[in-house]
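All residue numbers refer to positions in the sequence shown, counting from 1.
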Amino acid sequence: MHSGQRLAPLRLIAFISVLLSLYLVFFYAPIDSYLGPVQKIFYIHFATAIIPYLAFLLVFLASVAYLSTRRRAFDRLAHAAAEVGLLIDTILLVTGTIFGKPTWGVWWVWEPRLTTSLIMWLLYAGYLMLRSMTLDGDKRASLSAVYGIAAFVSVPISFMSIRWWRSVHPLLISPSKINLDPSMWGVALSTLAAFTLLFFYLLLLKMELIAVQDGIDEVKEEMGDLI
């Protein structure tokens, strides 16, 4: 069974979940009395804010596992998690600027959460640039693993920035309560679940593609040695 068939059930569930969550966002969730319809961007913004933390945690864990075992499967996991995580993190920054304009009156504010999020994005863009360099496979995997471990320091700083340095960015979940209407919170959680399923589908698909590319590279290296 090829990868497309193996991942077909997850792909179907993920896309149906995303469609259902979008239906809830646009047709069930109440319209915010202050911001109006533009507030619905929040649901996608919230989901894409959480998933990059999960993706970059996987990069960290897979990098540690690769340096401990030298198994290429962990290197592929780290590579795939970084690429899919950065894609979703880009959506986060874009939706953040769209949401920021009607909320704050400007597209961007250099406040702690936005600034640390941008730094995190730049660090993982650098991770992928490192991987794109023409290096020996094992050397590239080792350097990427060390970088992936070091870059992870940006993740807890970004996550906690909103709690350490209070600013204009709202704090959705505080120790005492959730600052959101229950009906809105339910839609936010369903959107997060749907996008998490989509993330894992894209992650597994990317890992399969990387494995195929690694196989092609190994054949090329073997043919090069024979010539």
Side-chain angles (χ1 to χ4, degrees), residues 25 32 34-35 38-64 78 80-130 144-182 184-196 198-200 202-203:
V25 167
D32 185 87
Y34 174 69
L35 293 173
V38 74
Q39 184 268 345
K40 290 179 182 293
I41 297 174
F42 155 78
Y43 299 104
I44 297 174
H45 183 66
F46 170 71
T48 56
I50 302 298
I51 295 171
Y53 293 139
L54 170 63
F56 300 148
L57 175 62
L58 286 176
V59 175
F60 172 78
L61 295 175
S63 298
V64 172
E83 195 161 315
V84 180
L86 190 67
L87 171 65
I88 297 174
D89 204 21
T90 302
I91 298 173
L92 165 69
L93 293 177
V94 171
T95 55
T97 56
I98 296 172
F99 196 36
K101 179 63 175 174
T103 305
W104 300 327
V106 293
W107 294 104
W108 183 269
V109 177
W110 290 104
E111 61 86 51
R113 168 52 73 86
L114 272 68
T115 302
T116 55
S117 295
L118 180 60
I119 292 172
M120 185 175 72
W121 186 94
L122 290 171
L123 284 171
Y124 283 92
Y127 175 89
L128 293 180
M129 290 178 64
L130 174 64
S144 299
V146 172
Y147 186 104
I149 293 170
F152 183 71
V153 70
S154 65
V155 175
I157 291 176
S158 173
F159 180 78
M160 293 301 296
S161 62
I162 199 171
R163 294 163 178 79
W164 288 342
W165 306 291
R166 295 296 302 126
S167 181
V168 294
H169 196 290
L171 178 62
L172 184 61
I173 305 174
S174 64
S176 58
K177 65 176 182 177
I178 297 173
N179 300 306
L180 197 66
D181 182 87
M184 292 181 174
W185 181 234
V187 176
L189 288 179
S190 68
T191 307
L192 175 60
F195 276 78
T196 301
L198 181 63
F199 163 72
F200 277 108
L202 294 175
L203 177 72

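Put simply, the side chain of Tyr53 reaches to within 4.5 Å of the side chain of Ser158, judged on heavy atoms. At a threshold of 4.5 Å between non-hydrogen side-chain atoms, the residues Leu35 and Phe99 count as touching. Inter-residue side-chain proximity for His45 and Ile98 is flagged as unmet; no heavy-atom pair is nearer than 4.5 Å. A 4.5 Å side-chain heavy-atom check between Val84 and Phe199 finds at least one atom pair inside the cut-off. Proximity of Met184 to Lys40: side-chain heavy atoms (C-beta onward) are nowhere separated by under 4.5 Å. Contact of the Ile119 side chain with the Ile157 side chain is not registered, since no non-hydrogen atoms from C-beta on lie closer than 4.5 Å.
The minimum heavy-atom distance linking Gly85 with Ala55 is given by the pair CA-CB, 3.5 Å. Between Tyr127 and Ala78, the shortest heavy-atom distance links the atoms OH-CB, 3.5 Å. Scanning all heavy atoms of the two residues, the minimum distance from Thr97 to Trp108 falls at CG2-CE3, 3.9 Å. Scanning all heavy atoms of the two residues, the minimum distance from Ser117 to Asp89 falls at O-OD2, 4.3 Å. Nearest heavy-atom pair, Leu118 versus Leu93, reported as atom, atom and distance to 0.1 Å: CD1-CD1, 4.3 Å. Contact between Ser63 and Ser144 at its shortest, heavy atoms only, is OG-O, 4.4 Å.
Judged by distance alone, with hydrogens and angles left aside, the side-chain atoms of Thr115 form no donor-acceptor pair with the main-chain N or O of Pro112 at under 3.5 Å. The backbone N or O of Phe42 lies less than 3.5 Å from no partner atom in the side chain of Gln39, so there is not a single donor-acceptor pair. Side-chain atoms of Tyr147 never come within 3.5 Å of backbone atoms of Leu128 as a donor-acceptor pair (strictly under, hydrogens ignored).
In this structure, Phe56 has its ring center at least 6.0 angstrom away from the ring center of Trp121.
Interatomic distance, CE of Met160 versus OG1 of Thr116, reported as 11.5 Å (0.5 Å rounding). A distance of 11.0 Å separates CZ in Arg113 from CH2 in Trp164, rounded to the nearest 0.5 Å. We find the CD1-CG distance between Ile44 and Leu192 to be 12.5 Å, quoted to the nearest 0.5 Å. In this structure, CE on Met120 lies 11.0 Å from CZ on Phe159, to the nearest 0.5 angstrom. The CD1 atom of Ile50 sits 9.5 Å away from the CG atom of Leu92 when rounded to the nearest 0.5 Å. The distance from the CD1 atom of Ile51 to the CG atom of Leu198 is 7.5 Å, given to the nearest 0.5 Å.
If you check the side chains of Tyr124 and Ser154, you find no donor sitting under 3.5 Å from an acceptor.
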